[in-house]
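Contents: one structure, followed by commentary.
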Amino acid sequence: MGMEGIGARVARKEDKRFITGKGKYTDDMVVPGMKQAHFVRSPHAHAKIVSIDTSAAEKMPGVIGILNGAQLSEDAIGNIICGWMIHSKDGSPMNMGVWRPLAQDTVRYVGDAIAIVVADTKAQARDAAEAVVIEYETLPVVTSAVDALKDGAPQLHANAPGNLIYDWEIGDAAATDAAIAAAAHVTEMKIINNRLVPNPMEPRAALGVYDEGEDHYTLWTTSQNPHVARLVLSAFYNVAPENKLRVIAPDVGGGFGSKIYIYPEEIVCLWASKRTGVPVKWNCDRTEAFLTDAHGRDHVSTVKMAFDANNRITGFKVDTIANLGAYMSLFSSSVPTYLYATLLSGQYNIPAIHANVRTVYTNTVPVDAYRGAGRPEATYLLERTMETAARELGVTPAELRRTNFIREFPHQTPVIMCYDAGDYEASLSAAMKASDYDGFPARKAEAKSRGKLRGIGMSCYIEACGIAPSAAVGSLGAGVGLWESAEVRVNAVGTVEVLTGSHSHGQGHETTFAQLVAGRFGVGIDSVSIVHGDTDKVQMGMGTYGSRSGAVGMSAVVKALDKVEAKAKKIAAHLMEADESDIVIENGELKVAGTDKSVPWFQMALAAYTAHNLPEGMEPGLKEGAFYDPSNFTFPAGCYICEVEVDPDTGKTEIVQFVAADDFGKIINPMIVEGQVHGGLAQGIGQALLEGAHYDPDSGQLLTASYMDYTMPRADDLPSFQVSTTETVCPSNPLGIKGCGEAGAIGSPPALINAITDAIGNNDLTMPATSQRVWAALASAR
Amino acid sequence: MYATNYHRASSVEDAVKLASSNDEAKYLSGGQTLLPTMKQRLAAPSDLVDLRHVSEMKGISVNGGKIRIGAATTHAEVANSAEIARACPALAHLAAHIGDPHVRHMGTIGGSIANNDPAADYPAGLLALGATIVTNTRSIAADDFFTGMFETALEDGELIVAVEITAPAKCGYAKFPNPASRYALTGVFVARQGDGSVRVAVTGAGSDGVFRQADMEQALASNFSAGALDGVTVDDSDLMADIHASSAYRANLVKVMAKRAVAAAG
Ligand SMILES: Cc1cc2nc3c(=O)[nH]c(=O)nc-3n(C[C@H](O)[C@H](O)[C@H](O)COP(=O)(O)OP(=O)(O)OC[C@H]3O[C@@H](n4cnc5c(N)ncnc54)[C@H](O)[C@@H]3O)c2cc1C
């Protein structure tokens with residue numbers, strides 16, 4: 001393992017530049033002749049555009065150009081697409097409504113982009129945008145998915161009657177219904193998963209540069225996956241062919257999913273650069289981010305869980321309505337289907353599962369993947385239902401879970417997934433011990449003496465990371481493969497560059513990826529540079545989301561390192577006149593095992609490049625690439641236990657203890673993993689306690705469009721987390737790692753709501769469990 | 001933000017003159033309300049007259065129970081003042097719980113009451129304490145000053161110079177913060193004068209801004225204890241309802257916070 005290798009608690013290399021303000025983000029980029037853009041956006045949630053008059057605005061100071069959808073169509077710029085085809089249960093393809101990068105006839109949510117103004121300064125662009133006169137004919141509005149399905153609801157897209165995008169199902173309906181009919185007990189619930197705004201620290205930005213001399217485009221953008229952006233921009237949006245388009249995602253200040261997608265602004269800035277003849281920079285402000293970044297979650301579900309007389313689950317039936325907003329964003333269709341319903345077996349042996357999912361258009365910003373993407377929604381259903389069932393059946397929550405745990409692997413669920421490894425008992429026991437679960441009654445009594453209501457709740461989650469293999473996701477409708485690429489370049493002095501198709505926007509790849517190399521070759525992590533985020537440097541990659549960088553991205557690096565190691569050993573063997581099978585790499589040296597003969601790493605590298613003395617027929621140089629396509633998802637799992645105290649006078653909840661026991665397989669850097677868990681927990685607690693996007697149902701205005709009204713979790717809302725790990729090695733990838741980026745956000749909401757409902761003795765509580773809601777639930781329970 | 005002209009006033013007289021020379025001028029104190037509003041282009045003053053360097057408008061003095069706080073005194077200065085802590089501890093507590101450290105080191109008492117946000121903390125304090133607002137032209141009793149949501153008795157161009165308070169015998173403030181903005185979802189300030197009279201002012205809850213709670217004042221005048229409020233019912237018909245709290249929840253908070261304020265007053 002070594003001081004800096006796999007498993008070492010190495011401080012993050014990238015943090016120095018981040019915390020000293022030296023990071024270089026898209027908005028820091030300056031190119032000669034660069035101008036500033038501002039978008040004219042719809043103030044209405046649903047309206048026909050009658051006319052657009054830019055004549056006064058064009059005469060404003062500093063204005064270089066104002067472009068709208070008509071010009072975009074002249075240049076045959078394509079519609080924004082959803083890249084994952086889902087078929088309804090009747091076999092028909094999903095109803096994808098037309099999404100123009102600049103709305104031409106109809107606007108469908110507040111913030112829908114209509115025109116771009118390019119001017120010398122930001123203020124001038126904004127001034128001119130205010131002078132663009134648009135005449136609208138307003139249309140009726142619908143913001144809730146349930147309402148959008150009702151007869152007589154306002155209709156958003158002509159090709160989606162009843163606003164229905166698809167009506168999809170998975171699992172065995174007949175078997176599940178039969179299980180429910182024959183059950184000794186059925187637990188039924190209606191469960192809402194609240195809509196969230198991702199809020200990465202850095203708002204989105206784009207800088208489009210067209211070089212007329214080369215007929216070449218460059219886009220700097222806040223992207224989690226610049227190669228996918230380039231692919232889509234060239235293949236579907238018709239902006240430029242791939243060989244004429246370079247996409248760079250420099251430092252990116254968080255994404256949480258919201259920066260996976262290719263948004264209208266990026267397309268338009270790039271295209272506008274050619275139309276106006278100047279480089280076009282756009283940087284959104286926070287309220288613009290609230291209005292236009294893809295939101296997350298927004299499900300309404302009913303569930304029925306059937307038990308036999310021994311409290312074994314015999315069937316689980318789910319009906320979900322998911323709000324996808326006004327248009328279908330890039331991966332939106334996959335989130336409430338294959339990223340969601342395939343996880344409905346959780347950690348449990350469930351013989352029959354059936355889920356029906358209807359996705360719906362509404363006059364709200366598009367909804368797509370947000371940290372966890374589908375898996376938090378599935379976990380919330382299961383773990384709220386399990387806790388509720390335990391209360392109804394009169395058994396402890398732990399006992400009910402233990403009765404139903406999957407204990408043999410591999411385990412094929414009725415909903416596609418085949419779990420490769422896990423030990424759910426281990427994480428449950430670890431969490432119960434760490435939380436002193438057995439001591440809870442005494443703590444509850446002590447809290448009561450202080451006038452506080454104390455409650456405890458747990459959640460046993462499973463998730464699927466590293467979505468794969470490519471052939472399988474292709475058969476389920478994905479428009480891309482989900483492999484990853486890597487290239488390892490050993491320089492002539494032995495330093496190493498690792499090029500990866502993954503993208504780091506807070507995850508710490510510059511450290512963890514370097515640790516792989518350090519552990520392997522004994523070079524210091526400071527001698528290893530990680531190159532990512534530039535389509536001119538890294539040939540192709542799929543980017544970072546779904547906790548895939550470790551399980552998939554690092555596996556590609558390992559494959560490339562294997563090839564480098566093999567060649568390095570050949571060279572060393574040749575230099576020392578030994579057999580290559582006797583060469584071992586230790587502490588930065590290539591040694592002949594059992595002898596005192598050795599060649600330092602750097603000397604071997606130099607030999608590769610001087611090429612004065614290489615084995616017969618060997619090419620000079622030391623550089624290898626690899627593509628890695630996983631054989632399966634990975635399945636991180638764990639147990640979270642939350643303890644709260646509720647103030648009965650105000651309904652305010654205080655989290656007094658939060659324990660996490662996660663199984664992430666092998667861990668590369670425990671400190672970074674803990675950081676990921678802390679951040680995930682903060683987001684999950686934010687969802688459960690504080691956050692929620694509210695649209696006014698009549699006007700479609702976003703009422704929570706700033707931090708004055710949208711409650712982000714802050715340090716004083718959170719307890720000091722007690723995190724720990726258990727380990728079952730993942731058999732499906734060379735490092736045995738599972739991924740840790742989303743677990744916290746997936747597992748924590750049900751633990752928290754289970755704790756609050758335990759404290760107040762009323763199970764009818766919707767997220768976010770604000771003080772007002774808890775107080776009202778207490779009042780109605782009295 | 002739209003372009004604007006910046007002026008630094010050197011005296012009260014200078015400030016008033018600078019402001020009156022332009023119709024669209026505005027006083028700039030801590031800028032914690034005005035600047036965000038300008039950034040959102042919801043306000044567009046042609047000229048800003050900065051008050052933070054006017055020495056007569058800054059600082060705290062306490063003289064035999066007479067407290068004077070300059071209008072340009074920051075929340076942090078009030079929160080950390082040993083004299084205020086002695087003479088009117090609940091006011092220091094109130095100032096210490098406004099916004100965050102950045103806001104407290106910039107925002108000022110004059111700016112806060114001139115703005116009279118229905119969820120701001122100071123209006124409750126000054127109303128309960130029966131403070132006097134001193135302007136460049138007159139003195140205004142708090143009862144007459146706060147006239148409604150974002151409304152005050154200030155005339156165009158009138159400048160708040162200071163706030164004067166008679167130290168109460170007892171006072172307490174309890175605030176239930178809005179989880180997002182951390183302004184008061186409901187805040188109640190309770191003050192008992194030496195003669196036994198009690199004033200109770202409520203912020204964050206009223207549909208027309210800060211108000212006095214007469215029933216509570218009466219109950220507390222005869223028995224200054226939290227228990228005395230048990231019998232008081234808070235009518236929710238004039239209370240605000242929004243995405244953060246229903247009027248019924250606010251009515252509950254008015255009572256709970258009032259009891260906590262009395263308990264804090266000791
Ligand atoms: C993030 C954040 C959180 C906050 N939280 C709270 C909170 O919890 N509780 C709370 O009470 N407040 C809160 N505030 C508001 C803060 O307390 C400000 O101090 C206050 O709203 C305005 O004071 P200011 O000195 O910044 O005034 P400015 O913003 O400079 O001015 C506000 C208005 O008052 C006028 N004005 C200023 N001074 C005078 C004067 N002397 N005479 C006449 N008119 C004048 C200005 O022209 C302007 O119209 C918060 C603000 C922010 C940004």
Side-chain angles (χ1 to χ4, degrees), chain A residues 38 61-62 121-124 126-127 129-130 194 197 199 285-288 290 451 647-654 685-686 689-697 701-717 768-780 782, chain B residues 1-4 32-33 36-42 44 97 99-103 117-120 174-188 204-205 226 229-230 234 236 239-261 263:
Chain A
H38 190 85
T121 69
K122 257 182 170 169
Q124 287 171 335
R126 197 168 169 185
D127 288 344
E130 285 175 5
N194 46 324
V197 185
N199 279 301
D285 65 28
R286 185 57 67 182
T287 284
E288 222 175 355
F290 270 101
D647 176 349
D649 294 337
T650 61
K652 185 165 171 59
T653 299
E654 186 194 349
I685 289 169
L689 213 53
L690 305 163
E691 297 181 52
H694 286 268
Y695 280 94
D696 180 84
Q701 297 294 331
L702 183 62
L703 301 177
T704 48
S706 82
Y707 296 134
M708 293 301 281
D709 291 303
Y710 188 90
T711 313
M712 290 294 282
R714 295 178 226 191
D716 66 355
D717 293 314
T770 57
S771 303
Q772 151 161 261
R773 282 197 173 140
V774 173
W775 174 79
L778 261 172
S780 69
R782 272 191 199 114
Chain B
M1 193 181 285
Y2 295 103
T4 188
Q32 296 304 291
T33 293
T37 318
M38 289 173 66
K39 283 188 190 168
Q40 289 177 295
R41 296 191 156 199
L42 299 172
H97 288 82
D100 52 49
H102 302 75
V103 170
D117 188 300
K175 167 182 182 175
F176 192 83
N178 175 315
S181 73
R182 304 280 172 106
Y183 274 79
L185 199 58
T186 292
V188 179
L229 297 175
D230 283 337
V234 178
D236 68 7
L239 300 188
M240 238 188 309
D242 54 29
I243 56 170
H244 300 290
S246 64
S247 49
Y249 182 55
R250 281 192 165 92
N252 172 67
L253 287 180
V254 170
K255 189 149 159 183
V256 174
M257 291 302 121
K259 290 171 88 165
R260 289 183 185 178

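The sequence lines fix the lettering, A, B, ..., with proteins before strands; numbering per chain opens at 1.
Contacts of B:Ser246 with chain A are made by both backbone and side-chain atoms, with heavy-atom separations under 4.5 Å. The contact between A:Glu130 and chain B is made entirely by side chain atoms (from C-beta outward), counting heavy-atom distances below 4.5 Å. Of the two parts of A:Asp696, neither the backbone nor the side chain holds a non-hydrogen atom closer than 4.5 Å to a non-hydrogen atom of chain B. Looking at B:Met257, only its side chain comes within 4.5 Å of chain A, counting heavy atoms on both sides. Contacts of A:Arg773 with chain B are absent, with no heavy-atom separation under 4.5 Å from either backbone or side chain. Heavy atoms closer than 4.5 Å to chain B are found nowhere in A:Ser706, neither backbone nor side chain. Heavy atoms of A:Thr770 lying under 4.5 Å from chain B are absent altogether. For a residue to count as touching a neighbouring chain, one of its non-hydrogen atoms must lie under 4.5 Å from one of that chain's; by this rule B:Lys255 does not touch chain A. Proximity to chain B (any heavy atom under 4.5 Å) is restricted, for A:Asp717, to the side chain, taken from C-beta onward.
Ion pairing of A:Lys122 with A:Asp127 is absent here, as no side-chain N (NZ or NE/NH1/NH2) approaches a carboxylate O to less than 4.0 Å. Using a cutoff of 4.0 Å between basic side-chain nitrogens and carboxylate oxygens, B:Asp100 and A:Arg714 are not scored as salt-bridged. A salt bridge is absent between A:Asp285 and B:Lys39; no separation between the charged side-chain nitrogens and carboxylate oxygens falls under 4.0 Å.
Figure legend: cation-pi geometry between A:Arg286 and A:Tyr707 absent, as NZ or CZ is not positioned both under 6.0 Å from the six-membered ring centre and within 45° of its axis.
Defined by atom type and a distance below 3.5 Å, a donor-acceptor pair is missing between the side-chain atoms of A:Tyr695 and A:Gln701.
Comparing B:Leu253, B:Ile243, B:Asn178 by heavy-atom pairs within less than 4.5 Å of chain A, the highest count is held by B:Ile243.
Ring planes of B:Phe176 and B:Tyr249: perpendicular class, angle over 60° (limits at 30 and 60°).
Contact annotation: the side chain of B:Arg250 approaches that of B:Met240 to within less than 4.5 Å [non-hydrogen atoms, C-beta and beyond].
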